[in-house]
Amino acid sequence: MTVGDPLRGEQTGGCGQGDALRLVRDGGQLVKVRPYDLDTERGITIHWVYVVDYQPKQQALAEIADLAARGVLTPRVAGRFTPAEAHLAHQSLEKGGVRGRQLIIFQP
């Protein structure tokens, strides 16, 4: 894939959800993790996954992890922070314009 190529699929949980559709190729799939109205277009299939519902569904979570590991699903990550840097993640969100998840990485 090169810059500008449409994606086979996309997951989104952040703002700018309508923009997510333009990233998905015709006939592709979009997985949203927050409840919001979004009309489909160009044959794109939209799935809504409420993560809390999946806690007891370990096989489904393992399948999602496998899809991400194989590159079928590409999670959008805006930044990775240590617990000591968590305030930087909050500052970034307060400024606005963040696309993707801010991850706090806990290492033993």
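For clarity, every value in this text was computed on a predicted model and none was experimentally measured.
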Worksheet item: For Val24, which of Ile46, Ile44, Thr45 qualifies under side-chain contact (heavy atoms from CB on, under 4.5 Å)?
Response: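 The side-chain contact (heavy atoms from CB on, under 4.5 Å) with Val24 is passed solely by Ile44 among Ile46, Ile44, Thr45.
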
Worksheet entry | Gln59 atom CD: more than 12 heavy-atom contacts under 6.0 Å |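 At most 12 heavy atoms, drawn from other residues, nucleotides or ligands, come within 6.0 Å of this atom.
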
Fill in: Within 6.0 Å of CZ in Arg42, more than 12 heavy atoms from elsewhere
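Yes, the 6.0 Å shell around CZ holds more than 12 heavy atoms from other groups.
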
Worksheet entry | Worked verdict on His47 versus Gln29 for side chain to side chain contact (heavy atoms under 4.5 Å, CB included) | CA-CA 8 Å; His47 305 276; Gln29 300 184 52; 2.7 Å; yes

Worksheet item: Does the side chain of Gln102 come within less than 4.5 Å of Ser92's, by heavy atoms?
Response: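 SC-SC contact between Ser92 and Gln102 confirmed.
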
[X] side, atom [atom1]; [Y] side, atom [atom2] - distance, nearest 0.5 Å:
X: Thr82; Y: Ile105; atom1: OG1; atom2: CD1; answer: 9.5 Å
X: Arg99; Y: Arg76; atom1: CZ; atom2: CZ; answer: 4.5 Å
X: Glu85; Y: Ile104; atom1: CD; atom2: CD1; answer: 8.5 Å

Worksheet item: Mind checking what makes side chain to side chain contact (heavy atoms under 4.5 Å, CB included) contact with Glu63, not counting sequence neighbours?
Response: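 So Glu63 forms a side chain to side chain contact (heavy atoms under 4.5 Å, CB included) with Leu67.
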
